[in-house]
Amino acid sequence: MSKDLLVVVDMQKDFVTGALGTAEAQAILPEVSALAYGWQGPVVFTRDTHGPDYMNTQEGRNLPVPHCIKGSEGWQIVEELQDLAAEAPVFDKPTFGSTALAHYLAAEKPDSITFCGVCTGICVISNALLAKAVLPETPVRVAASCCACVTPESHRTALDAMKLCQIEMV
């Protein structure tokens with residue numbers, strides 16, 4: 001039996017309805033939920049995680065909107081996915097890509113890896129490329145309709161960039 005792994009990237013309240021929420025992120029939530037709950041294999045989550053000193057970090061200076069502060073309401077996984085996330089590995093990450101997730105993937109050696117979530121052009125692309133780097137022969141896929149970015153244009157740009165890196169759109 002194959003082990004196809006799903007990575008749900010940063011489906012947190014601050015990225016859906018909170019400080020950095022978008023209509024695009026809200027629109028994909030039903031599809032992400034259906035994909036994750038219907039997945040026939042392991043599911044893992046990433047969670048953007050910042051400390052109270054966020055505004056003093058490089059990211060905070062470039063994106064001066066406090067978000068996903070550990071323990072805050074906005075840091076929580078959206079309610080629609082909380083039950084599943086409670087039973088799954090969750091990788092808290094202080095930056096766009098999770099090296100802990102990459103190490104986990106390298107150790108688990110899934111037959112394929114599919115990504116969904118937000119933001120296509122920042123955290124989804126970062127983690128998909130890390131997966132491709134640690135497991136270059138493993139198919140890495142992105143469920144394009146289950147991803148959203150700051151704008152529809154930036155979403156399409158990120159999908160095109162990932163295609164160039166031999167990441168399959170499904």
Test your reading of the model: is there a side-chain donor-acceptor pair from [X] to the backbone of [Y], 3.5 Å cut-off?
X      : Y      : value
Thr22  : Val150 : no
Asn127 : Val9   : no
Lys93  : Ala100 : no
Gln26  : Val16  : yes
Asp14  : Leu20  : no

Quiz: residues 75-87 side-chain donor-acceptor pairs under 3.5 angstrom, not counting sequence neighbours:
unit_1: Trp75; atom_1: NE1; unit_2: Thr49; atom_2: OG1; d: 2.9
unit_1: Gln76; atom_1: NE2; unit_2: Ser72; atom_2: O; d: 3.4
unit_1: Gln82; atom_1: NE2; unit_2: Ile77; atom_2: O; d: 2.8

- Message: The test is side-chain contact (heavy atoms from CB on, under 4.5 Å); show your working for Val8 and Phe115 and say whether it passes.
- Response: CA-CA 6 Å; Val8 180; Phe115 287 86; over 6 Å; no
Distance-only donor-acceptor pairs under 3.5 Å for side chains of residues 59-69, two or more places apart:
unit_1: Glu59; atom_1: OE2; unit_2: His50; atom_2: NE2; d: 3.4
unit_1: Glu59; atom_1: OE2; unit_2: Tyr54; atom_2: OH; d: 3.3
unit_1: Glu59; atom_1: OE2; unit_2: His67; atom_2: NE2; d: 3.4
unit_1: Arg61; atom_1: NH1; unit_2: Asn56; atom_2: O; d: 2.5
unit_1: Arg61; atom_1: NH1; unit_2: Thr57; atom_2: O; d: 3.4
unit_1: Asn62; atom_1: ND2; unit_2: Gln58; atom_2: O; d: 2.9
unit_1: His67; atom_1: ND1; unit_2: Val65; atom_2: O; d: 2.7
unit_1: His67; atom_1: NE2; unit_2: Asp48; atom_2: OD2; d: 3.1
unit_1: His67; atom_1: NE2; unit_2: His50; atom_2: NE2; d: 3.3

Indicate every side-chain donor-acceptor pair of residues 129-141 with a distance under 3.5 Å to a residue at least two apart or in another chain.
unit_1: Arg141; atom_1: NE; unit_2: Glu168; atom_2: OE1; d: 3.1
unit_1: Arg141; atom_1: NH1; unit_2: Ser112; atom_2: OG; d: 3.2

- Gap separating the CD1 atom of Ile28 from the SG atom of Cys146, nearest 0.5 angstrom: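 With rounding to 0.5 Å, CD1 (Ile28) is 6.5 Å from SG (Cys146).
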- Between CG of Asp111 and CG of Asp4, what distance do you get to the nearest 0.5 Å?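 Answer rounded to 0.5 Å: 6.0 Å.
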Are [X] and [Y] grouped together when hydrophobic residues (ILVMFWY) are joined by side-chain heavy atoms under 4.5 angstrom apart?
X      : Y      : result
Val124 : Val170 : no
Phe45  : Phe15  : yes
Ile113 : Ile125 : yes

- Task: Step by step, work out the side-chain hydrogen bond (donor to acceptor under 3.5 Å, both in side chains) result for Thr157 and Ser154.
- Result: CA-CA 5 Å; Thr157 299; Ser154 60; over 6 Å; no
Student check: side-chain heavy atoms of [X] and [Y] closer than 4.5 Å:
X      : Y      : value
Cys147 : Val142 : yes
Glu73  : Lys13  : yes
Met169 : Met162 : yes
Val44  : Val90  : no

- Message: One pair to check against salt bridge (Lys or Arg N to Asp or Glu O under 4.0 Å): Asp92 and Arg47. What are the steps and the verdict?
- Response: CA-CA 5 Å; Asp92 290 341; Arg47 185 168 47 197; 2.6 Å; yes
For the residue pair [X] and [Y], what are the closest heavy atoms and their distance?
X      : Y      : answer
Cys149 : Gly121 : SG-N, 3.3 Å
Ile122 : Phe96  : CG2-CD2, 3.2 Å
Thr114 : Ala143 : CG2-N, 4.1 Å
Pro30  : Ala27  : CD-O, 3.5 Å

- CA sep, side-chain torsions, deciding dist, call: Thr120, Leu159, side-chain contact (heavy atoms from CB on, under 4.5 Å): CA-CA 7 Å; Thr120 319; Leu159 295 177; 3.9 Å; yes
- Are the aromatic ring centres of Phe91 and Tyr104 under 6.0 angstrom apart?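 Yes, the ring centres sit under 6.0 Å apart.
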- side-chain contact (heavy atoms from CB on, under 4.5 Å) evaluation trace for Leu101 with Val7: CA-CA 9 Å; Leu101 172 65; Val7 180; 3.9 Å; yes
- Query: For Leu6 and Cys116, what are the C-alpha separation, side-chain angles and deciding distance, and is it a side-chain contact (heavy atoms from CB on, under 4.5 Å)?
  - Reply: CA-CA 8 Å; Leu6 178 66; Cys116 67; 4.1 Å; yes
